[in-house]
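Below, chain A is the first sequence line, B the second, and so on; all start at residue 1. These figures come from a predicted structure and were not determined experimentally. All values below come from the heavy atoms of this structure, side chains included, with hydrogens, waters and symmetry mates left out.
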Amino acid sequence: MDENGTTNRAELSKGYEHQEVEARWYAFWKGRGYFHGDEHDRSRPAFSIVLPPPNVTGSLHLGHALTATLQDVLVRWKRLSGFNTMWLPGTDHAGIATQMVVEKELKRTEKKSRHDLGRAEFLKRVWAWKEQYGSRIGQQHQALGAALDWERERFTMDEGLSRAVREVFVRLHEEGLIYREKKLINWCPDCRTALSDLEVEHEEGHQGELWSFAYPLAEGVGEIVVATTRPETMLGDTAVAVHPDDDRYRELVGRTVRHPITGREFPIVADGVLVDPEFGTGAVKVTPAHDFNDFEVGKRHGLEFLTVIGLDGRMTAAAGPLAGLDRFEARKEVKRLLEELGLARGSKPNPMALGRCQRSQTVLEPLLSDQWYVKIAPLARPAIEAVEQGRTRFIPEHWTNTYMAWMRDIHDWCISRQLWWGHQIPAWYCEAGHVTVAREAPSACATCGATALRQDEDVLDTWFSSGLWPFSTMGWPDRTETLETFYPTTVMETGHDIIFFWVARMMMMGLHFMGEVPFKTVYLHPMVRDAKGQKMSKTRGNVIDPLEITGKYGADALRFTLAALTAQGRDIKLASERVEGYRSFANKLWNATRFALMNLEGYVERGADPAEAARTAADRWILARLQVAVNGTVEALEAYRFNDAANTVYHFVWHELCDWYLELAKEAFFGDDAGLKAAAQAVLVHGLKTSYLLLHPFMPFITEELWHVLRAQVKADAWPDSIMAARYPAPGPVDEAADRAFGPVLGIIDAIRSIRGEMGIPFKVALGQATPVHVAVTDPAVHALLGAGEERRVARLAGVEKLAVHLAAATPHGPQSAVAVGAGFEVRVPLAGVIDLAAETARIDKELAKLAADLTLLERKLSNPSFVERAPVEVVAKDRARVEELREASLKLNNHRAMMTGADTQREDSPMETTPPNVPPTTPAPTTMSEKVEQAYEKVMEKGQEAVQAARDEVKAFEKKAKPAMAKARKAVRKAVSDVKKAVKKATTKKPARKAKKPARAAKKVVKKVVARARKVVKKATKKAKKK
RNA sequence: GGGCGCUUAGCUCAGUGGUAGAGCAUCGCCUUCACACGGCGAGGGUCGUAGGUUCAAGCCCUACAGCGCCCACCA
């Protein structure tokens, strides 16, 4: 063991054992202070993220694991790239959720309610609960490897954060943005608290019943029939409303009806807003205290607000004979009573949306009560502008619309909750009922000076304190250095399900109190679902504990899986096979290192530039591929394309470094050329080291482990003694020539392997024993390359004993052989005694058919004059080259086939370089144009093409610019058209509705306007394009 | 009712106007001196449907169909 606790082994275990390795590193990193962001350090650019705080008493699920993974990827990547990173952890007190958990537990173990304990004692219990379970989240994050700055850990009910909450409340109150009012709110009779609009879940498609009954007129004769989905509320009716223009009821307006159960009398009023004369009977019962629409009607007409359903969901004394009944019982009872009275007028099914409590799923009850509100419009405006101006940007972009739509149609926010667990509202009341809002408990009423004060018993909505999270956690309202350095945060990474609850509120609060957006980018990650695509939920029982997976497959494997599946705009379906696959990937990396360790004898650490160490074409090739991988990974990370980043590294490590380079380099490792071996060692070590770094953000544990192992083995003092202290690979120019040059070698190996595979020749059976495997190449450079040693690699990787390379168009003939052709080369594998003539013919025919199909397609394309004229030159050129290639290939294969079937008479080992007579010439005969004319013609053509291309580019650029405007216009047109359609539809139904005309007219107007604008935009675009 | 997203190989999904891709699964061969958590090879696609724009469409436009999500106070 060295001082870091790493086993210093020359040999690794055969397989990667994640439990053993993962247990070791977290404490090491933390101890070294790698997770800490330095608020004093302004020399490096800052990169900060605040972790969306999970519920303190909860435990992490896969959604949290995804959050932790993606943020850790960003933080570790940025840290390695030289940023001063700070990732702030913490937990949320989660008002209702937590209180309910503790209440449930209390009931289970002690059979007591919170009221039995009293407020103080109950809160003690919750804190105790928090202490007991609060650390679990931290442990889970550590197990996942999250590089969180634990020194800055916060809890929403910490003293500091509570102070921020009071400060915000008082300031908003002083600014008139917080007020207290008695109005209708969504009340959960089960949780016994008010809720904000957002906490209401609308259950769609609920099959309700529209039940009709008659109100007798007070004067004794006549009735008016109303319909309702909630019969029990009729006990609180204080009016019946009809449409003012409805001839059916014109005479009844202003008269009185008598309540058949309570005997109260109330008026029939005319209200054009509430009543749609076409719905139901055209008469609406009005319950101002239990319905949001009716509440407004009540205000408009000065009606009585009669509360008949209490906070407990039972009928109040005002409900008369039904007092004390549960509201659903009361519904049945009301129907029964009215039926008895002969007032029931039938019913019909009516689909409706039911509002349920987000927590308890209880059907909500609109109730009249005193609550605190945030006047939100003034806060929303700057939050809208910030996004419009691009100071905060959403990724994926389409969430911008969602955000905007909600922000523009925002309602005042009810922030008081009738709970005990949370920030108690800093408002005090005196005997006279005056309110004093203050940061600390006041000694006297601000209005009358009374000293007997009682604090408001309610607490604030959990999201009120979470909304302050980006700055309250950094010491606000003090002007701390942490805020100076790390606010605004760089990116907010969270799920799109809390875009309104949290993201929007942070935007508003951050802008209002800090004067700056809380984050520059909002990355909204997908939802994690189970393998069947179902949402994970406790009730479904398909919630997976991330630690279950990490225990089985390793944290690195889980992290990599989540990152690899995180594509923009789609949910993640997590299947364990995926995780298993990435565990294999970890094992692959482990074993590649193991191979290196076994072959590093005599290794000498070179300088910084591995390209200087490279000796062979294979060396240069893998280094080029490595640079491609580095570039691709960084580019993807920068664009938040986590899946692309992960896949890029995965593909490089497994399929290029391991499958190809490791095998190619064996020639050097097992050969006797010390120089080549040293070069291969240098390249391999560099490749592995760079791979560890690329992978580190995704797989921190294994990469740290292997880093130490390899570092110890190569005795490289230049390597920092933790991968976390190293630098991330830098993007840079790719050695394209080296990449391209090696292509034919890979192609030849593929070709021979393919023949082997299709002929079913096992690898252990060496090819080319009696007669050599012939390879013909047309490019002298490739020929030279093969001669310079690559030929031995081909032989090794394809399992060939004797290889003969020719600089020729075709290989020497031999009937007992299989042939494969590629770009610039032909391969002939002698198969004397092995070959199945029919099989080989079939194989060739298949190949020929494919070539012919491709060729036909391309030729047709090229014979189309408008393609040749209008397509960019390089596209045409590429297709022409491809045609040549295909022709050559099919020509060769045809030859071979002819040979096989005995139609050709040429004998073995006579290199054939002429075109056989049965195949048409590959290039057309020269034209009669003189060379000069031809040259001039070509020049003109080229220029023309260039001009066309330039114009095309310009148009494209313009279109790109105009795109948002055009999209907007299109959208408006679409909407207008659909509005018109709807209006027309409505207008053509039997009864000409008054309401229909208005939207139809408005829609027509909009259409006209929008179409005109769209035309203008398009015209402008075309004009500009034509000009070019 | 309004809005958003999705539809590509058996499954899960990438795909940025220019020859349709990956992983898994399937089939064949191979326990070859890093790895069977492995290697090599192969098969498999009318890109939801119908139109349109373009020399060229999986990609852009329109309509339709199916699936999913969010928002919404029509009794």
So, is [X] close to the [N] phosphate, meaning a side-chain N or O under 4.0 Å from OP1 or OP2?
X         : N       : result
His655(A) : rG23(B) : yes
Ser584(A) : rC35(B) : no
Trp654(A) : rG39(B) : yes
Lys573(A) : rC11(B) : no
Lys14(A)  : rC37(B) : no
His202(A) : rA72(B) : yes

Side chains of Ser196(A) and Glu199(A): donor-acceptor distance under 3.5 Å anywhere?
yes
Pairs where residues 648-662 of chain A contributes a residue and the test salt bridge (charged side-chain N to carboxylate O under 4.0 Å, His left out) is met, not counting sequence neighbours:
Arg625(A)-Glu656(A)
Between rA20(B) and rU8(B) - C1' atom distance, rounded Å:
9 Å
When the C1' atoms of rG28(B) and rU12(B) are compared, how many Å lie between them, rounded to an integer?
25 Å
Face-on cation placement of Arg356(A) at Trp187(A) ring, 6.0 Å and 45° thresholds
no
Could you tell me how the ring of Phe670(A) sits relative to the ring of Phe595(A): parallel (under 30°), tilted (30 to 60°) or perpendicular (over 60°)?
perpendicular
Quick one: does Lys588(A) reach the base of rC35(B) with a side-chain donor-acceptor pair under 3.5 Å?
yes
Could you run down the sub-3.5 Å N/O contacts of the protein with nucleotides 41-47 of chain B?
unit_1, atom_1, unit_2, atom_2, d
rG41(B), OP1, Asp750(A), OD1, 3.4
rA42(B), OP1, Ser754(A), OG, 3.4

What's the spacing between Asp854(A) CG and Ser890(A) OG if we round to 0.5 Å?
10.5 Å
Return whichever of Tyr650(A) or Leu565(A) has its heavy-atom-nearest nucleotide of RNA chain B closer to the 5' end.
Leu565(A)
In which ranges does RNA chain B form stems of 3 or more consecutive Watson-Crick or G-U pairs, distances under 3.5 Å?
B:1-7 with B:65-71, B:10-13 with B:21-24, B:26-30 with B:38-42, B:48-52 with B:60-64
